[in-house]
Amino acid sequence: MEAEKYQIDLGNLMAFDPTHHFQSIPSTREELARVCIDKGTELVQSIANALFGLPSTADPDGPLVKLPPPTTKLPREKHLPKPKPPTKWEQFAKMKGIKNHKKDKRVFDEQTGTWKRRYGYDRVNDDKDVPIIEAKMTDEPGEDPFSKRMSEKKQRVEKQDKNRLQNLKQAMKADALPSHVQLAATALPITGTKREVPKKASREELESVAGMAASATASGGKFDKKLPGEKPAKHAGKYRKFLPVVEGKGMGSQERQQTEKILNKLMAKSSHDILDVDKASCHNVQREGREEAQERQRAGGSFIFKIKQV
């Protein structure tokens, strides 16, 4: 009876009454909310009755039912993602009919006789594990094969990086950048795209960024190459140096030397150069005069006193 009265979509746990209409328009908002809650209670009860009519399986937490596929198409919150344009390699593989097969992460290395990673650190057939390179007839005399191999690897890496930037540029034009580079692309667009250029950074901001980048090195930017017109750091190095808290090799002797140096300055014959005796005695006389005046004022007397500096 309820299935005929209501339209129930168990896949989305949704029910709808197409024949519902208000007998009279509610006069107040409270009355409208009460009518909506009553009708919603009926719809939820109809969904629960339909769920108990499905075949269920026993479980310690209670009966479990498998929901049928949804029949109502709900609208998306966001637009459909645009397809990512194919890279140069994908275009070449499609033209040649090449199919990519999943490769194992570990490969047996014949040089060392162990299983190693296919890519990354300590990989198989690493150039560092090759002690001898067989010479070829086309090799030039006197050429170092190890340096040649390193230069060829550097060229391959540069070519791959260039292709990667080209692929990102094409994806940027098609508005289909990967999610992990979208934030960087909005902050700093790739050269050649039609994106809006961010606002120009001020001179103070550039100097602040340059200072942070220089101080990020281990030397604090001391050995970094200076740009033309770049000013030195305002506060280079530390203001004060302290001995380490943890006792280490030679720390005890350094602390002893520092303490002896301070005591020698205080106890030396020429200590008057460090301590201003005249100024100290003057402060002492003034302090005694103030104390005497306060005592006489408490006793109720009035007086005038003068202090002569020593």
Side-chain angles (χ1 to χ4, degrees), residues 81-195 197-198 206 209-230:
K82 295 183 179 181
K84 184 179 177 181
T87 61
K88 289 186 177 181
W89 163 250
E90 292 175 349
Q91 294 177 358
F92 177 78
K94 184 178 180 181
M95 182 178 62
K96 296 294 184 179
I98 302 174
K99 296 182 179 180
N100 293 333
H101 299 283
K102 189 174 181 180
K103 299 179 181 179
D104 297 331
K105 293 184 179 180
R106 289 191 170 273
V107 185
F108 184 77
D109 189 5
E110 297 181 355
Q111 297 180 3
T112 59
T114 56
W115 291 87
K116 292 188 175 182
R117 301 181 181 89
R118 185 180 293 272
Y119 305 106
Y121 174 74
D122 196 18
R123 64 183 180 274
V124 66
N125 297 329
D126 194 356
D127 297 341
K128 298 179 181 179
D129 297 336
V130 180
I132 300 175
I133 299 178
E134 185 178 356
K136 299 180 181 179
M137 297 297 295
T138 56
D139 293 345
E140 297 182 2
E143 185 180 13
D144 187 5
F146 294 96
S147 60
K148 181 181 178 181
R149 176 175 292 188
M150 292 180 61
S151 62
E152 291 177 352
K153 180 180 178 181
K154 185 177 180 180
Q155 293 177 2
R156 289 196 305 268
V157 171
E158 292 177 353
K159 183 179 179 181
Q160 291 176 359
D161 193 32
K162 182 180 178 181
N163 293 337
R164 182 182 64 84
L165 294 177
Q166 290 292 336
N167 294 332
L168 288 177
K169 187 186 297 184
Q170 295 296 330
M172 187 71 176
K173 291 180 179 179
D175 201 6
L177 271 177
S179 58
H180 62 280
V181 294
Q182 283 181 1
L183 182 61
T186 54
L188 185 62
I190 302 173
T191 306
T193 60
K194 297 181 180 180
R195 287 288 184 182
V197 180
L206 293 177
V209 172
M212 288 188 292
S215 61
T217 58
S219 62
K222 181 178 180 181
F223 303 102
D224 293 350
K225 185 178 180 180
K226 303 297 181 183
L227 298 176
E230 182 179 359

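The closest side-chain heavy-atom distance from Glu158 to Asp161 is not below 4.5 Å.
Arg118 places no side-chain N or O within 3.5 Å of a backbone atom of Val107 that could act as its donor or acceptor partner. The closest donor-acceptor contact from the side chain of Asn167 to the backbone of Asn163 lies under 3.5 Å.
Residue pairs satisfying the ring pair (Phe, Tyr, Trp, His ring centres under 6.0 Å) criterion with at least one member in residues 106-130, sequence neighbours excluded, are listed as follows: Phe108-Trp115.
Arg123 approaches Lys116 most closely through the heavy-atom pair O-CD, 3.6 Å. In plain terms, the two heavy atoms of Pro85 and Ala171 that are nearest each other are CG-CA, 3.7 Å.
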Distance-only criterion, 3.5 Å: show the donor-acceptor pairs between side-chain atoms of residues 142-152 and protein atoms not counting sequence neighbours.
unit_1, atom_1, unit_2, atom_2, d
Asp144, OD1, Phe146, N, 3.3
Ser147, OG, Asp144, O, 3.0
Ser151, OG, Ser147, O, 3.4
Ser151, OG, Lys148, O, 2.7

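A search for side chain to side chain contact (heavy atoms under 4.5 Å, CB included) contacts involving Gln166 returns Lys169, not counting sequence neighbours.
Taking OG1 from Thr87 and CD from Gln170, the interatomic distance works out to 11.0 Å, rounded to the nearest 0.5 Å.
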